[in-house]
Amino acid sequence: MKSALILGGTQFVGKRLVKLLLEKGVEVTIATRGLTPDPFGDDVHRIKIDREDSVSLETGLRGGKWDVVFDQTCYSPEEALQCVRVLEGKISKYVFTSSQAVYEFGTNHIEENFDPLQYRPVLRSRREYKGYLGYQEAKRAAEAVLFQQATFPVVAVRFPIIVGEDDFTNRLKIHVDCVKEQRPISIEHPHFRYSFIDSDEAAWFLFDIAESDYKGPINPGSKGDISLGELLLRIEVITGEGAILDKNGAPSPYNLPGSWSINTDKAASLGFEFKPLDALLTDLIIFYS
């Protein structure tokens with residue numbers, strides 16, 4: 001990979017990915033709305049686009065050619081179809097940041113539990129998808145468009161919950177803060193289970209899977225899952241404080257309608273290694289404490 005276009009690249013995993021690509025000597029172009037500053041100075045090329053405006057995308061990407069496109073900002077099948085059309089003949093591989101949300105609520109999902117080739121997408125804009133169920137449908141439909149319509153190889157990276165010291169959403173930190181500061185927290189279903197991945201490893205995985213010959217959907221992340229109740233217990237042990245559960249307390253950002261966790265055996269069989277889940281969460285809880 002000598003050149004890469006990143007749709008996004010100014011926050012969290014995208015920012016880490018840009019840094020990694022630059023360190024590897026890749027010529028990087030980032031395409032965004034231009035609203036979020038980035039720290040890369042003259043080391044990257046910049047294109048201003050609006051994913052909700054097809055003319056903007058076509059104009060911005062006209063004339064460009066890249067080895068790999070990393071799509072971090074696709075939230076609708078309309079946007080996926082626009083990319084398929086605009087990037088035809090311009091790229092060698094397309095790496096789509098998808099989500100474990102493509103699966104039904106449940107645990108230990110393998111890649112075959114959602115087949116984008118069998119899914120019938122309805123073209124809608126991102127504003128038509130509301131809440132977690134809307135997000136689920138949007139990612140499913142986007143995958144379906146990419147795998148059914150693209151003539152270039154596509155990888156759909158079905159990330160679990162991404163965590164890291166620089167997580168701007170602060171979703172895990174909110175749990176730690178509530179426990180250590182003795183503020184009530186509301187957890188609707190403490191037995192629901194979730195999978196996680198370290199943000200640095202997420203960026204490395206995107207790079208490595210782009211360099212590989214792999215195409216299709218893939219589940220990366222730490223092996224196994226954890227319930228919200230087990231997560232709170234871990235925080236209690238590390239902080240030395242007891243969690244105050246109250247339905248009127250601050251709602252947990254992980255209050256989802258069901259469990260969502262993935263089986264990462266396929267990624268492991270390809271040689272990818274990730275931090276053990278216990279170590280990942282323990283290190284972050286200590287950091288936030």
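Computed from a predicted model, the values in this text were never measured in an experiment.
- A chain of hydrophobic side-chain contacts below 4.5 Å, direct or via other Ile, Leu, Val, Met, Phe, Trp or Tyr residues, connects Leu7 to Ile47.
- Across all non-hydrogen atoms, the minimal contact from Ala203 to Leu20 is O-CD2, 3.8 Å.
- Counted within 6.0 Å of CD on Glu273, heavy atoms from surrounding residues, nucleotides or ligands total 12 or fewer; the atom is thus considered open.
- Salt bridge annotation for Glu78-Arg51: absent, with no cationic side-chain nitrogen under 4.0 angstrom from a carboxylate oxygen.
- Hydrophobic cluster membership differs between Val155 and Val69, with clusters built from Ile, Leu, Val, Met, Phe, Trp and Tyr side chains linked at under 4.5 angstrom.
- At a threshold of 4.5 Å between non-hydrogen side-chain atoms, the residues Asp177 and Arg183 count as touching.
- Salt bridge status for Asp278 with Arg234: present, with a side-chain N to carboxylate O gap under 4.0 Å.
- Follow the hydrophobic side-chain contacts under 4.5 Å out from Val13 and you reach Phe272 in the same cluster.
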Intermediate values then yes/no, salt bridge (Lys or Arg N to Asp or Glu O under 4.0 Å), Lys266 and Glu112 = CA-CA 11 Å; Lys266 181 174 286 188; Glu112 290 75 15; 3.2 Å; yes
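- Under a cut-off of 6.0 angstrom, the local environment of CD in Glu230 is crowded, with over 12 non-hydrogen atoms contributed by other residues, nucleotides or ligands.
- Under a 3.5 Å cut-off, the side chain of Gln100 and the backbone N or O of Trp260 do form a donor-acceptor pair.
- Centroid-to-centroid, the aromatic rings of Phe114 and Tyr103 stay 6.0 Å apart or farther.
- Looking at Asp71 and Tyr94, their side chains do bring a donor and an acceptor atom within 3.5 Å of each other.
- Residues Ile238 and Leu231 share a single hydrophobic cluster, defined by chaining ILVMFWY side chains whose heavy atoms lie under 4.5 Å apart.
- Atom CG of Leu123 is separated from atom CD of Glu128 by 10.0 Å, given to the nearest 0.5 angstrom.
- A distance of 12.0 Å separates OG in Ser222 from CD1 in Ile161, rounded to the nearest 0.5 Å.
- Checked by atom type and distance alone, the side chain of Asn219 pairs as donor or acceptor with a backbone atom of Asn263 at under 3.5 Å.
- Side-chain contact annotation: Gln72 with Thr97, donor-acceptor N/O pair under 3.5 Å present.
- In summary, the side chains of Glu104 and His109 do not present any donor paired with an acceptor at a separation below 3.5 Å, with no hydrogens or angles considered.
- Between Phe168 and Phe12, the ring planes are perpendicular. Angles over 60° get that label, and only those under 30° would be called parallel.
- A salt bridge does not link Glu58 with Arg85: none of the charged nitrogens is closer than 4.0 Å to a carboxylate oxygen.
- Salt-bridge check for Arg16 with Asp166: passed, with a basic side-chain N closer than 4.0 Å to an acidic carboxylate O.
- The two atoms that bring Pro77 and Ala138 nearest to each other are CD-O, 4.2 Å, heavy atoms only.
- Shortest non-hydrogen contact noted between Pro220 and Pro160 is O-CD, 3.1 Å.
- Inter-residue side-chain proximity for Val18 and Phe40 is flagged as met; some heavy-atom pair is nearer than 4.5 Å.
- Using a distance-only test at 3.5 Å, with no hydrogens or angles considered, no donor-acceptor pair links the side chain of Glu241 to the main chain of Ile235.
- Around atom CZ of Arg33, no more than 12 heavy atoms belonging to other residues, nucleotides or ligands sit under 6.0 Å away.
- At a threshold of 4.5 Å between non-hydrogen side-chain atoms, the residues Gln11 and Thr36 count as touching.
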task = Take Ile185 and His175 through the side chain to side chain contact (heavy atoms under 4.5 Å, CB included) test and state the conclusion after the steps.
result = CA-CA 8 Å; Ile185 186 170; His175 294 79; 3.7 Å; yes
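- Salt bridge present: Glu143 and Arg158 bring a charged side-chain N and a carboxylate O closer than 4.0 Å.
- Around the NZ atom of Lys180, the shell of radius 6.0 Å holds more than 12 heavy atoms that belong to other residues, nucleotides or ligands.
- Checked by atom type, the side-chain pair Thr151/Glu88 shows a donor-acceptor distance below 3.5 Å.
- Between Phe105 and Leu133, the closest heavy-atom pair is CE1-CD2, 3.9 Å.
- Counting heavy atoms from C-beta on, the side chains of Leu17 and Trp204 never come closer than 4.5 Å.
- At least one donor-acceptor pair under 3.5 Å links the side chain of Glu211 to the backbone N or O of Met1.
- Ser56 and Ile49 make their closest contact through OG-CA, 3.2 Å (heavy atoms, listed as atom of the first residue, atom of the second, distance).
- Listed for the Lys139 side chain is a donor-acceptor partner under 3.5 Å among the backbone atoms of Cys74.
- No donor-acceptor pair closer than 3.5 Å links the side chain of Lys93 to the backbone N or O of Phe70.
- Between Leu232 and Ile187 there is a side-chain heavy-atom pair separated by less than 4.5 Å.
- Counting only distance, with no hydrogens or angles, the side chain of Gln149 and the backbone of Val84 share no donor-acceptor pair below 3.5 Å.
- Judged by distance alone, with hydrogens and angles left aside, the side-chain atoms of Glu201 form a donor-acceptor pair with the main-chain N or O of Lys275 at under 3.5 Å.
- When hydrophobic clusters are built by joining Ile, Leu, Val, Met, Phe, Trp and Tyr residues whose side-chain heavy atoms come closer than 4.5 Å, directly or via intermediates, Val154 is grouped together with Leu57.
- Checked against the 6.0 Å centroid threshold, Tyr135 and Tyr129 do not count as a close aromatic pair.
- Using a 4.5 Å heavy-atom threshold, the side chains of Asp167 and Tyr288 count as touching.
- Taking the six-membered ring for Trp and thresholds of 30 and 60 degrees, Tyr194 and Phe192 have ring planes more than 60 degrees apart, a perpendicular arrangement.
- In the model, Ser261 has a side-chain atom that pairs as donor or acceptor with a side-chain atom of Asp225 under 3.5 Å.
- With hydrogens and angles disregarded, a donor-acceptor distance shorter than 3.5 Å links the side chain of Ser259 to the backbone of Arg193.
- Minimum heavy-atom separation, Pro257 to Tyr132: CD-CD1, 4.1 Å.
- With rounding to the nearest 0.5 Å, the separation of CD1 in Ile30 from NZ in Lys48 is 13.0 Å.
- In this structure, Val28 and Asp43 have side chains that are not in contact, with every pair of non-hydrogen atoms separated by 4.5 Å or more.
- We find that Lys2 and Asp67 are not joined by a salt bridge, their nearest charged nitrogen and carboxylate oxygen being 4.0 Å or further apart.
- Other residues, nucleotides and ligands place no more than 12 heavy atoms under 6.0 Å from the NZ atom of Lys215.
- At least one donor-acceptor pair under 3.5 Å links the side chain of Asn255 to the backbone N or O of Glu188.
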